Amino acid sequence: MAVQLIVSDLDGTLLDTHHRLHASTIKVLRLLAEQGHHIALASGRHYHDMGVFRDQLDIPIHLISTNGAYTHDPAGQLLNASYLQPDHAQTLIQLPRPPEVRLSLYRESGWHVDAPAPHLLSIHATTGFTYQVVPPEKMDADGVGKVLYLGDPAALAELESQAYQAHGQGLHITYSTSDALEIMAGGVNKGVALSALLEKLGLAAADCLAFGDNLNDIEMLNLAGEAQVMANAHPALFQRVTGARRIGHHSDAGVAQWLTKRFKLQEAVDVSSRSRQRPFLVQSCCRARRE
């Protein structure tokens with residue numbers, strides 16, 4: 001079987017509704033890695049927020065983080081970093097916005113938020129990733145991978161319009177959810193980062209299988225030879241990805257289910273499950289005899 005790159009978004013795609021990896025997802029990705037396939041995770045999350053999932057999978061994984069602003073190899077080495085121009089970042093920091101809209105900066109070193117926002121941490125509860133509060137007037141516009149606004153969709157639409165008017169093609173603007181407006185430097189997205197990774201691995205786009213659920217996955221899905229869109233995806237995503245397949249729901253480990261069928265892994269998954277259960281069964285039998 002030809003070696004392929006399997007790349008997946010995290011929230012709403014590979015992770016369940018509690019933002020965790022399902023046991024079947026871990027088994028399937030480990031089996032594919034054992035067969036020689038490359039695995040990558042591509043997310044709007046920060047690199048330091050993604051490491052927990054890499055460690056749980058315990059296989060060589062490339063990480064595309066901050067919507068393509070950063071790419072790290074399986075050893076944690078930074079392969080690529082793309083930053084907003086400082087004057088563009090400064091403009092975005094200073095855009096007028098309602099007080100309930102939170103402003104965040106994703107830098108290589110961490111996550112800065114303009115005011116305390118404990119409600120933002122629920123999505124990161126399984127990783128322990130947290131923010132540092134930095135007032136807008138003290139935010140550093142150098143070395144910013146992403147500007148993130150979180151809040152009411154109507155307010156975000158106004159901010160999106162202002163950002164386009166200010167710097168147009170100098171920005172890449174997208175949404176990861178309806179209440180999360182994400183802005184990177186122009187030409188920075190998951191698809192561009194994936195293209196560079198494929199080149200590094202010596203693979204063609206046709207050798208790539210990609211999975212996603214939201215608008216920040218469009219470029220990645222359109223690049224991949226096989227694009228899979230989750231059942232729970234943004235309503236517009238399926239129409240905006242050429243040749244996409246609609247697969248299962250993320251809460252049902254839809255990616256793992258589809259990969260099991262695509263690579264005919266059912267027998268291997270069953271064997272893996274039995275081998276992991278066997279020590280427990282033997283231990284239980286022995287304990288029963290002693291009792």
Side-chain angles (χ1 to χ4, degrees), residues 5-34 37 39-67 111 118-130 148 150 175-180 182 190 209-218 220-221 224 226-238 241 244-263 265-266 268-270 272-273 276-277:
L5 171 62
I6 298 153
V7 58
S8 179
D9 171 53
L10 285 174
D11 299 287
T13 303
L14 199 66
L15 304 182
D16 65 17
T17 52
H18 301 290
H19 307 285
R20 297 173 180 167
L21 288 168
H22 192 279
S24 64
T25 300
I26 295 173
K27 289 177 184 177
V28 166
L29 291 180
R30 284 177 177 174
L31 285 168
L32 290 169
E34 288 172 7
H37 297 293
I39 310 296
L41 303 179
S43 175
R45 288 185 182 236
H46 194 282
Y47 167 72
H48 294 303
D49 196 22
M50 298 174 68
V52 168
F53 305 115
R54 176 196 58 200
D55 295 343
Q56 289 174 354
L57 288 165
D58 195 26
I59 54 177
I61 295 178
H62 283 83
L63 297 182
I64 295 171
S65 61
T66 315
N67 284 327
W111 172 21
H119 66 284
L120 299 183
L121 298 176
S122 60
I123 193 175
H124 310 285
T126 58
T127 67
F129 187 60
T130 189
L148 169 66
L150 295 159
Y175 286 83
S176 56
T177 60
S178 62
D179 59 356
E182 314 219 3
K190 293 183 184 181
L209 290 75
F211 300 83
D213 77 300
N214 224 304
L215 301 181
N216 62 332
D217 297 316
I218 289 173
M220 175 178 77
L221 292 168
E226 298 181 40
Q228 284 66 235
V229 172
M230 308 306 293
N232 52 279
H234 187 289
L237 185 61
F238 190 75
V241 179
R245 296 181 183 87
R246 194 184 298 276
I247 65 169
H249 199 282
H250 78 115
S251 64
D252 300 322
V255 173
Q257 291 182 21
W258 191 88
L259 287 171
T260 297
K261 295 177 182 177
R262 168 67 174 76
F263 289 93
L265 297 176
Q266 190 58 58
V269 169
D270 291 342
S272 174
S273 297
R276 290 172 185 270
Q277 293 170 1

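Keep in mind that this is a model prediction, so the values were computed, not measured. Along the sequence shown, residues are numbered consecutively beginning with 1.
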A.B. asks: Is any side-chain heavy atom of L237 closer than 4.5 Å to a side-chain heavy atom of I218?
C.D. replies: yes
A.B. asks: For G12 and N232, which heavy atoms make the closest approach, and how far apart are they?
C.D. replies: O-ND2, 2.8 Å
A.B. asks: Can you name the closest pair of heavy atoms from L10 and S43 and give their distance?
C.D. replies: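 It is CD1-CB, 3.9 Å.
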A.B. asks: Are L57 and I39 side-chain neighbours, meaning at least one heavy-atom pair lies under 4.5 Å?
C.D. replies: no
A.B. asks: Using a 4.5 Å cut-off on heavy atoms from C-beta on, say whether the side chain of T66 contacts that of E182.
C.D. replies: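 Counting from C-beta outward, E182 and T66 never come under 4.5 Å.
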A.B. asks: Determine the sole option in H18, R20, Q56 for which the side-chain contact (heavy atoms from CB on, under 4.5 Å) test with T126 is passed.
C.D. replies: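 Only match with T126 under side-chain contact (heavy atoms from CB on, under 4.5 Å): R20.
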A.B. asks: Backbone N or O of M220 within a donor-acceptor pair of the K190 side chain at under 3.5 Å?
C.D. replies: no
A.B. asks: Under 3.5 Å, is there a donor-acceptor pair between the side chain of E226 and the main chain of A210?
C.D. replies: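 No: the side chain of E226 does not pair with the backbone of A210.
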A.B. asks: Do L259 and L29 make a side-chain contact, defined as non-hydrogen atoms from C-beta onward lying under 4.5 Å apart?
C.D. replies: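 Contact flag for L259/L29 side chains = yes.
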A.B. asks: Locate the shortest heavy-atom distance separating G212 from D9; write the atom from each residue and the value.
C.D. replies: CA-CB, 4.1 Å
A.B. asks: Could R246 and F238 be counted as a cation-pi pair, given that NZ or CZ must be under 6.0 Å from the ring centre and within 45° of the axis?
C.D. replies: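 That pair qualifies as a cation-pi contact.
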A.B. asks: CG/L221 to CG/L209 distance, rounded to the nearest 0.5 angstrom?
C.D. replies: 11.0 Å
A.B. asks: Between W258 and R245, does the side-chain contact (heavy atoms from CB on, under 4.5 Å) criterion hold? Intermediate values first, please.
C.D. replies: CA-CA 10 Å; W258 191 88; R245 296 181 183 87; 4.1 Å; yes
A.B. asks: Within this structure, what is the OG1-CD1 distance for the pair T177 and I123, rounded to the nearest 0.5 Å?
C.D. replies: 7.5 Å
A.B. asks: For S8 and L14, work out which heavy atoms get closest and say how close.
C.D. replies: OG-CB, 3.6 Å
A.B. asks: State the CG-CG distance between L15 and L21, to the nearest 0.5 angstrom.
C.D. replies: 5.5 Å
A.B. asks: Looking at I64 and M50, what are the two nearest heavy atoms and their distance?
C.D. replies: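 That would be O-CE, 3.7 Å.
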A.B. asks: Compare all side-chain heavy atoms of Q257 with those of D252 and state whether any distance is below 4.5 angstrom.
C.D. replies: yes
A.B. asks: ring-ring contact (aromatic ring centres under 6.0 Å, His included), that's the test. Do H37 and F263 meet it? Break it down for me.
C.D. replies: CA-CA 11 Å; H37 297 293; F263 289 93; 5.0 Å; yes
A.B. asks: Quick one: closest heavy-atom pair of D11 and D213, and the distance?
C.D. replies: O-OD1, 3.1 Å
A.B. asks: Going from NE2 on H46 to NE2 on H124, what distance comes out if it is rounded to the nearest 0.5 angstrom?
C.D. replies: 10.5 Å
A.B. asks: Applying side-chain contact (heavy atoms from CB on, under 4.5 Å) to T127 and F53, what does each step give before you reach the verdict?
C.D. replies: CA-CA 8 Å; T127 67; F53 305 115; 3.7 Å; yes
A.B. asks: Do H250 and T17 have side chains that approach each other closer than 4.5 Å (heavy atoms only, starting at C-beta)?
C.D. replies: yes
A.B. asks: Whether the N216 and S176 side chains hold a donor-acceptor pair (N or O, under 3.5 Å, no angle test) is what I'd like checked.
C.D. replies: no
A.B. asks: Tell me, with the steps shown, if R45 and H19 meet side-chain contact (heavy atoms from CB on, under 4.5 Å).
C.D. replies: CA-CA 12 Å; R45 288 185 182 236; H19 307 285; 3.8 Å; yes
A.B. asks: Start with the C-alpha gap between D49 and W111, add the side-chain angles, then the distance that decides, and say whether side-chain contact (heavy atoms from CB on, under 4.5 Å) holds.
C.D. replies: CA-CA 10 Å; D49 196 22; W111 172 21; over 6 Å; no
